Amino acid sequence: MALWGGRFSTGPDEAFKQFNDSLPFDYQLAEQDIVGSVAWAGALKQVDVLTSDEHQSLVAALYELLDEVKADPQAVATSGAEDIHSHVEAALIEKVGDLAKKLHTGRSRNDQVATDFRLWCRDTADHLLEALGQLKGEFIALAERELGTILPGYTHLQRAQPLLFSHWCMAYVEMLERDESRLADAKARMNFCPLGSGALAGTAYPIDRQALAVGLGFTAATKNSLDAVSDRDFVVELLSCASISMIHLSRMAEDLIFYNSGEAGFIELADNVTSGSSLMPQKKNPDALELIRGKTGRVFGSFSAMMMTLKALPLAYNKDMQEDKEGLFDAMPTWLACIHMAQACIKGVKVNGERTLAAAKGGHSNATELADYLVAKGIPFREGHHIVGVLVQMAIAQGNNLEDLSLEQFKSVHSIFEQDVYPVLEIDACLKARQALGGTSLEQVTIAVKDAKKKQQITVRDANLDDVESIAKLIQHWATVGENLPRAKSDMVHSINEFAVTEVAGKVSGCASLYIYDTGLAEIRSLGIDPDTGITGQGRQLVEHLLVKAKKLALNRIIVLTRVPDFFEKQGFTFCTKDSLPEKVMKDCELCLRRDNCDEVAMEFILKPSRNTEIPCKNVA
């Protein structure tokens, strides 16, 4: 039954149902819809719409449904429901009966889908940021491997000036850093929660929307219900980020396709990213790069379609906005796949340094250096430019490079030339002259590579007293949004030996502590990463560092209370019940902003069995 069926005496015909239903694509929001429903159930309990027992039953059923969805997401798509919200409600009714019908109290599908979609976009942005960082790292590694390899630079696809191949690599590192920055900014702007905005006018129930937003990991609640349910700026921004990044990937692909051609022969692509011809056995085609170039138009199409859909839409929600998902659901995986494929291409590329050097020496790419030589002799650049042009014509007529001309030939054009012109024309001299910041000299490119590597590197270490201020800021930030418990700075000073920190580019950007109870039990807590760093993997490295520390201390069991169980599962933690935790662990919950609406789960990591260990957790996964 449709969620809106009471108003109608007959149901939709089959053609309209197929035209109207969104489940065939919005099933991808199943996990987000369930997570949002868990949070909404907590909010309804706080305003006494649900009793504690009802809340507990609903949440248990929702988590059971979440496990089913994770196990077989495609089964959701074929259930025949109108949309993902209808599917979740119907599945919940099967589990808890009419109680499930109370969950939609005070909520509309408008604010529900807006919340689900933002949660999906936020998760997707994290995956994309990680992939961009990995691709950037591959470019940096290639630049480091090929330091000193000389490549002809091009303008108008004509040989222009010699470059270091590493300089070419670092140009794409710059582009990727801008892609990361844009995506991180878009993620920050989308991270506001529409839930509780109702259909368009807000909810009639006294829901604490700020607490609800924080509970779902948002920065805050949206401020205007009308805007909240109809805003799709975050979709446009994501598609814009994707489109700009795909431009960069497509330009990279075009460069490499040309470099890989028989005419250039500068590089050879690995077998795992190329294919052959069904007719011509000698062919090795750069299919991966051509597909990246081709898929760029596909992403552009989604971007253009979204802008056209939103153009002139009146407030608030309109069914046109159902078109917001299919394009994004296609564009984001396409962008991600292209990033991964670009990484594979860069990782396996082999550079033919002899061919690149020979090409760089040809085409009179040292002509600008010759003009600069004349400027150094006191000749105005415009006049020097003309003189060099005459010499280039002379060299072309003789089939020579500029450095092959005799001194007499140089002097026949202008008497100012002396024997000192030849060292200037050497290719190494051409490169060495580009010493200004951002230039292609070996010194400048080496600095650029080192700086980029430093940005990429995450250092994990035990904290010291110099870190207290940085740790305090991190804990304060995450305590404000309800993710961590607040801690006094004096407490951090006294317990600094419990903490570990991550550093990126020499700046503390993450922290976590290992709090030791008695009987061989310890808890990882105060885990927080600076949201502005854009460097992924810091949380994982902090947990790994603390687990190593725990083993050295001969601890038996490490526990966490968390809202991100998937993260800790990847680190080897297993689920357990809160009832099995010592009372002293649960005492800290009295300080938590969410103590009346707790959605944390308990997890453990067993280092070694011990008779003295507290009662082990029961696996509830």
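What you see is a predicted model, and the numbers here were worked out from it, not measured in a lab.
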How far apart are the C-alpha atoms of Lys450 and Glu144, what are their side-chain angles, what is the distance that settles it, and do they pass the salt bridge (Lys or Arg N to Asp or Glu O under 4.0 Å) test?
CA-CA 9 Å; Lys450 285 182 178 178; Glu144 193 169 34; over 6 Å; no
I want to check something: taking the side chain as every heavy atom from C-beta on, are [X] and [Y] in contact at a cut-off of under 4.5 Å?
X      : Y      : answer
Leu291 : Met341 : no
Lys284 : Asp271 : yes
Phe499 : Asp467 : no
His414 : Ile379 : yes
His477 : Pro531 : yes
Val560 : Val543 : no
Met306 : Leu238 : no
Leu431 : Leu442 : no

If you look at every heavy atom in [X] and [Y], which pair is closest and at what distance?
X      : Y      : value
Ala367 : Leu402 : CA-CD1, 3.8 Å
Leu183 : Ala125 : CD2-O, 3.8 Å
Asn191 : Gly217 : ND2-O, 3.4 Å
Leu289 : Ala253 : O-CB, 3.4 Å
Pro286 : Asn260 : CB-ND2, 4.3 Å
Cys338 : Ile292 : O-CD1, 3.8 Å

In Å and rounded to the nearest 0.5 Å, what is the [atom1] to [atom2] distance from [X] to [Y]?
X      : Y      : atom1 : atom2 : result
Gln541 : Ile458 : CD    : CD1   : 4.5 Å
Met252 : Ser250 : CE    : OG    : 8.5 Å
Leu132 : Gln343 : CG    : CD    : 10.5 Å
Leu374 : His386 : CG    : NE2   : 12.0 Å
Leu391 : Ser412 : CG    : OG    : 7.0 Å
Met492 : Leu474 : CE    : CG    : 9.5 Å

Do the side chain of [X] and the main chain of [Y] share a donor and acceptor less than 3.5 angstrom apart?
X      : Y      : answer
Lys325 : Phe117 : no
Ser245 : Cys241 : no
Thr356 : Gly353 : yes
Thr155 : Ala160 : no
Gln444 : Gln435 : yes
Trp120 : Glu31  : no
Arg118 : Cys193 : no
Ser240 : Val236 : no
Thr309 : Ala305 : yes
Thr502 : Val460 : no

Evaluate the side chain to side chain contact (heavy atoms under 4.5 Å, CB included) criterion for residues Lys455 and Lys136: first the C-alpha distance (whole Å), next the side-chain angles of each, then the deciding distance (0.1 Å), finally the verdict.
CA-CA 11 Å; Lys455 285 183 186 177; Lys136 191 169 66 171; 5.6 Å; no
Give me the ring orientation class for Phe266 and Tyr154: parallel if the planes are under 30° apart, tilted from 30 to 60°, perpendicular past 60°.
tilted
Parallel, tilted or perpendicular: which describes the rings of Tyr422 and Phe410, with under 30° parallel and over 60° perpendicular?
perpendicular
Does the structure place the NZ or CZ of Arg122 under 6.0 Å from the centre of the six-membered ring of Phe218, at an angle of no more than 45° from the ring's axis?
yes
Intermediate values then yes/no, side chain to side chain contact (heavy atoms under 4.5 Å, CB included), Phe417 and Leu405
CA-CA 12 Å; Phe417 286 104; Leu405 296 176; over 6 Å; no
Regarding [X] and [Y], does a basic nitrogen lie under 4.0 Å from an acidic carboxylate oxygen?
X      : Y      : answer
Arg189 : Asp231 : no
Glu443 : Lys432 : yes
Glu544 : Arg540 : yes
Lys454 : Asp451 : no
Lys361 : Glu403 : no

Candidate pair Leu328 and Phe234, rule side chain to side chain contact (heavy atoms under 4.5 Å, CB included), full reasoning:
CA-CA 11 Å; Leu328 193 72; Phe234 62 97; 5.9 Å; no
Taking atom [atom1] of [X] as the centre, report whether more than 12 heavy atoms of other residues, nucleotides or ligands fall under 6.0 Å from it.
X      : atom1 : answer
Glu383 : CD    : yes
Lys549 : NZ    : yes
Lys453 : NZ    : no
Arg251 : CZ    : no
His385 : NE2   : no

Test side-chain contact (heavy atoms from CB on, under 4.5 Å), reference Ile496, set Asp466, Leu465, Asp462, output is Leu465
Given Asp126 and Lys187, is the salt bridge (Lys or Arg N to Asp or Glu O under 4.0 Å) satisfied, shown in steps?
CA-CA 9 Å; Asp126 286 336; Lys187 180 188 169 187; 2.5 Å; yes
Show the numbers, then the answer: is there a salt bridge (Lys or Arg N to Asp or Glu O under 4.0 Å) between Arg182 and Asp185?
CA-CA 5 Å; Arg182 266 185 291 269; Asp185 287 347; over 6 Å; no
Start with the C-alpha gap between Ile524 and Leu514, add the side-chain angles, then the distance that decides, and say whether side chain to side chain contact (heavy atoms under 4.5 Å, CB included) holds.
CA-CA 5 Å; Ile524 292 178; Leu514 185 70; 4.0 Å; yes
Would you please test Gln476 and Thr480 for side chain to side chain donor-acceptor pair (under 3.5 Å) and show each step?
CA-CA 6 Å; Gln476 176 62 27; Thr480 300; 3.3 Å; yes
Do the two ring centres, one from Phe139 and one from Tyr172, sit under 6.0 Å apart?
yes
